Every structure is written in C-alpha cells, then in structure tokens.
J.: 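Could you have a look at this structure, given as structure tokens, before my questions?
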Amino acid sequence: MLTYTFCHIKGISCTAEKRLWDGGIISWDDYLKNNKRFFSYKKDQFIRKQLEISKIALEADSIDFFFSRLSNEQQVRVYPHFKNKMVFLDIETTGLSIKDDSITTIAIYNGHTIKNYINGQNIWNFIGDITKYSILVTYNGTKFDIPFLKKFFGINLNLFHIDLCHVLHNLGYWGGLKECERKLGIQRQIEGIDGVQAVQLWSYYKNINDNSALKQLILYNSQDVLSLEHIIIKAYNKIMKDCPVSNNISLTKQPSLL
DNA sequence: ATGTCCGATGCTCTATGATT
DNA sequence: AATCATAGAGCATCGGACAT
C-alpha cells in the first residue's frame, strides 16, 4: 500500500513514480534491492536514504511524515494504512455565512459507526470525541466545515485534513458533492434532500418543534459522511490505478440509515 | 568543455467553485 | 446569497542525461 508510493520523495513526481512502476520497481524494497539505476548516482543515494527513513516512519505510524511530504491531492494514499485513525465529517448550518450563521448538526463516521451532534443538545461532546482521531476527511471542509467549527468551538482542530473536493478536482471531477457522486457511480441511501432544505428542516424543528424534521436532517447529515467513505475509496483507486499491484480496495459494509 | 533537451520545482497572480 | 483557499497559468531556474 504506502510502500508502493515514491512521490513523497523530493525530486520524484507522479510521472517519475510511474516510470519506476513501469520498470518493475513497485515497492520500496524493490528499489532498495535493485541494482539498475534510474537516476544519477547522487539522486539515487538520496532516494535510498529517503526510502530507509520512510520504512522507519511507516513502522512508527508517523502520519506527519507522509502528510508533510505528499501533495494535498496525493495524501489520500495514506488511507489504507491509517484508516483506523481517520474520521469523516460533515456539518449542517443555518446558512452559508460564517459571520451570521451557526452550526446546527454535526455528523462524524469512523468507518464503523456514525455519531451525531445537535446544537442545543449534545454538540459539545463533539470536542471530546474528535480528539480520538488524527485525520479529518471532508468535502470542501477547508473553506466551509473547518472555519465554522473553528468559530463555533473557538479552537483549532489539531488534526490532519484531507479535503476530497480538491482531490476530486485534481482527478478531473467538478460540480459539487452530489454531482461527483453521480459521476463516480455512488448510490445514496437517502435521496432528495439538499443543503437549502437542510436549513429549512432545522427551522421547522426549532420554530414548530417538529422532531421528524430534526430526524430527517440527521439522516441527511449522516448520509453525507457515509458518501465521503465511498469517495475516498474511489479516489484512492483512481490515484493508484497505474500501480501494477495495489489497485482496487473496496468498501466494507456501511451502517444502514433506513 | 559545451550545448541542448527534459523533468522537477518554485515563485506570482488571478479566476473561480463549493458549502448551507 | 458570502466567502476565500486553491488550482492553474505563466515564467524562471536548476540539475541531470546525453551527444558532440
């Protein structure tokens, strides 16, 4: 998995990495045991040293090592190795303005269970729960979810972050979460609700005590975090598609919302 | 030595797409 | 509708590989 990645090393781009793969150098050990030189002596020595350090970093589960060396769109590569430290996150709000609007609900999903947080009920439990994880996965969280969370809770979430919006852009997928899901062939359990309706559902709950509206909002919020897991797997497979051995990881069974 | 080509990197600047 | 981080373009630079 991560041992098939070379583009975290300075001087090796994705195209250079593909040349290695095509030349039969698939894993770090393939490179280290190989006598044929793909680069100049100096560069080759540097790469060997970096691969030895990479092995130690992987052994030590150093997320920081790989995150700091991989470009934003390539950080998805850590998914198989570090998925037990990852959490998918999505928030709902009363609108788009960070100045005027507030968080209504938060959903997080760790690959096994979904947790929901509701403003006015249990929302402050979020802070304690989120610190159990190391990597946050969002869609457009850089510009939306994270600034809202920062303002609402008044703290910086000290987590590594993968924004699948940028990852998909880099893979040529544009058009928002729902549109990208459609293009990727991802099926939702809950259909027919969008962000605007999510705002309305919250106001029904708040203004006329409509508990079924809240329930619907939570389901919608939960669906979005489940979709993020679908997307990261699709993105991972696309990013690694040229690697001769590691492609096609698949989705394990997700919790049912219905 | 010298020239040329190629790949990788690193700036600056601007337009834009995404969230509820 | 409000907002702004980022991708992408354009450009310069640097080092390696290779031919002459």
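Just so it is clear, the model here is predicted, and its values are computed rather than measured. Chain naming here is simple, since letters A, B, ... match the order of the sequence lines and numbering starts at 1 in each.
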J.: What is the separation between atom CD on E17(A) and atom C1' on dA8(B), rounded to the nearest whole Å?
T.: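 It is 14 Å, rounded to the nearest whole Å.
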J.: Kindly point out which of dT19(B), dT20(B), dG16(C) is positioned nearest to the side chain of L177(A)?
T.: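 Nearest to the side chain of L177(A) among the choices is dT19(B).
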J.: Measure CD1/I146(A) against P/dC4(C) and give the value in whole Å, please.
T.: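 Atom-to-atom, I146(A) to dC4(C), this comes out as 15 Å.
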J.: Any side-chain N or O of K99(A) less than 4.0 Å from the OP1 or OP2 oxygen of dT3(C)?
T.: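 For dT3(C), OP1/OP2 do have a side-chain N/O of K99(A) under 4.0 Å.
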J.: Does K10(A) make a side-chain N or O approach to OP1 or OP2 of dG10(B) shorter than 4.0 Å?
T.: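 So the side chain of K10(A) is within the cut-off, an N or O lying under 4.0 Å from OP1 or OP2 of dG10(B).
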J.: Given that L96(A) and K143(A) both sit by DNA chain C, which one's nearest nucleotide is further toward the 5' end?
T.: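 That would be L96(A).
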J.: I'd like to know if the side chain of Y204(A) pairs up with that of N209(A) as donor and acceptor (distance under 3.5 Å, no hydrogens or angles considered).
T.: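 Checked: Y204(A)/N209(A) side chains show no N/O donor-acceptor pair below 3.5 Å.
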J.: At under 4.0 Å between heavy atoms, what does G176(A) touch on the DNA or RNA strands: base, sugar-phosphate, or nothing?
T.: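 Answer is sugar-phosphate: G176(A) comes under 4.0 Å of backbone atoms only.
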J.: Should S97(A) be listed as having a side-chain N or O under 4.0 Å from OP1 or OP2 of dA1(C)?
T.: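 Answer no for this pair, as no side-chain N or O of S97(A) is under 4.0 Å from OP1 or OP2.
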J.: Would you mind reading off the distance between R69(A) atom CZ and dT9(B) atom C1', rounded to a whole angstrom?
T.: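 Those two atoms, CZ and C1', are 17 Å apart.
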J.: When you measure from the centre of the six-membered ring of F67(A), is the NZ or CZ of R69(A) under 6.0 Å away and within 45° of the axis?
T.: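 Not satisfied by the 6.0 Å and 45° rule.
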J.: Please report the distance, rounded to the nearest Å, between NZ in K150(A) and P in dT3(C).
T.: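 Atom NZ in K150(A) sits about 16 Å away from atom P in dT3(C).
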J.: In this structure, how many angstroms lie between the P atom of dT9(B) and the CD1 atom of I12(A), rounded?
T.: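 Rounded to the whole Å, the gap is 9 Å.
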J.: With side chain to side chain donor-acceptor pair (under 3.5 Å) as the test, would you mind laying out the steps for D61(A) and H81(A) before giving the verdict?
T.: CA-CA 9 Å; D61(A) 280 341; H81(A) 190 83; 3.0 Å; yes
J.: Tell me which of G95(A) and N170(A) sits closer to the 5' end of DNA chain C, going by the nucleotide each one is nearest to.
T.: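 It is G95(A), whose closest nucleotide lies nearer the 5' terminus.
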J.: Look at all strands and tell whether K43(A) reaches a base, only sugar-phosphate, or nothing, counting heavy atoms closer than 4.0 Å.
T.: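 Answer is nothing: K43(A) stays at 4.0 Å or more from every strand.
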J.: Where the side chain of W174(A) is defined as all heavy atoms beyond and including C-beta, which of dG17(B), dT9(B), dG16(C) is the nearest nucleotide?
T.: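 My answer, after comparing the listed nucleotides, is dG17(B).
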J.: Which nucleotide sits closest to the side chain of F144(A): dA18(B), dT19(B), dT3(C)?
T.: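 That would be dT19(B).
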J.: Reckon Y139(A) touches a base, only the sugar-phosphate, or nothing at all at heavy-atom distances under 4.0 Å?
T.: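 Sugar-phosphate: the residue Y139(A), judged by heavy atoms under 4.0 Å, touches backbone atoms but no base.
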J.: Give the rounded distance in Å between these two atoms: CG of D101(A) and P of dT20(B).
T.: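 Computing the D101(A):CG to dT20(B):P distance gives 12 Å.
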J.: If you look at every strand shown and take non-hydrogen atoms under 4.0 Å, does D90(A) touch a base, only sugar-phosphate, or nothing?
T.: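 Answer is sugar-phosphate: D90(A) comes under 4.0 Å of backbone atoms only.
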J.: Does dC6(B) have OP1 or OP2 under 4.0 Å away from a side-chain N or O of R19(A)?
T.: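 No, outside the criterion.
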J.: Please classify the nucleic acid contact of G175(A) as base, sugar-phosphate, or nothing, using heavy-atom distances under 4.0 Å.
T.: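 Sugar-phosphate, backbone atoms only, no base.
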J.: On DNA chain B, does the nearest nucleotide to I9(A) precede the nearest nucleotide to D145(A) from the 5' side, or the other way round? Give the residue.
T.: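 Looking at the nearest nucleotide for each, I9(A) comes out on the 5' side.
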J.: Would you please classify the geometry between the H166(A) ring and the H169(A) ring as parallel, tilted or perpendicular, with 30° and 60° separating the classes?
T.: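 It falls in the perpendicular class, over 60°.
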J.: Please give, in whole Å, the distance from dA8(B) P to L20(A) CG?
T.: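 After rounding, the gap between these two atoms is 10 Å.
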J.: Taking CG from N221(A) and P from dT20(B), how many angstroms apart are they, rounded to a whole number?
T.: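 About 9 Å, once rounded to whole Å.
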J.: T15(A) has a side chain; which of dT19(B), dA8(B), dA5(C) sits nearest to it?
T.: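 Looking only at heavy atoms from C-beta outward on T15(A), the closest nucleotide is dA8(B).
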J.: Between E59(A) and K55(A) (salt bridge meaning N to carboxylate O under 4.0 Å), is one present in this structure?
T.: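 K55(A) and E59(A): not salt-bridged.
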J.: Report which part of the nucleic acid D224(A) touches: base, sugar-phosphate, or nothing (heavy-atom distance under 4.0 Å, all strands).
T.: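 Sugar-phosphate: the residue D224(A), judged by heavy atoms under 4.0 Å, touches backbone atoms but no base.
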J.: Taking NZ, NE, NH1 and NH2 as the nitrogens, is one of them in D224(A) or R188(A) under 4.0 Å from a carboxylate oxygen of the other?
T.: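 Here D224(A) pairs with R188(A) in a salt bridge, since their nearest N and O are under 4.0 Å apart.
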J.: Can you tell me if T142(A) touches the phosphate of dA5(C), counting only side-chain N or O atoms and a distance under 4.0 Å to OP1 or OP2?
T.: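 No, no such contact exists.
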J.: Check whether any side-chain N or O of H169(A) sits under 4.0 Å from OP1 or OP2 of dG8(C), and answer yes or no.
T.: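 No, no such contact exists.
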J.: Give a yes or no on whether the ring-centroid distance for W28(A) and Y4(A) is below 6.0 angstrom.
T.: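 Here the rings of Y4(A) and W28(A) have centres that are no less than 6.0 Å from each other.
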J.: Please classify the nucleic acid contact of T104(A) as base, sugar-phosphate, or nothing, using heavy-atom distances under 4.0 Å.
T.: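 Nothing: the residue T104(A), judged by heavy atoms under 4.0 Å, touches no strand.
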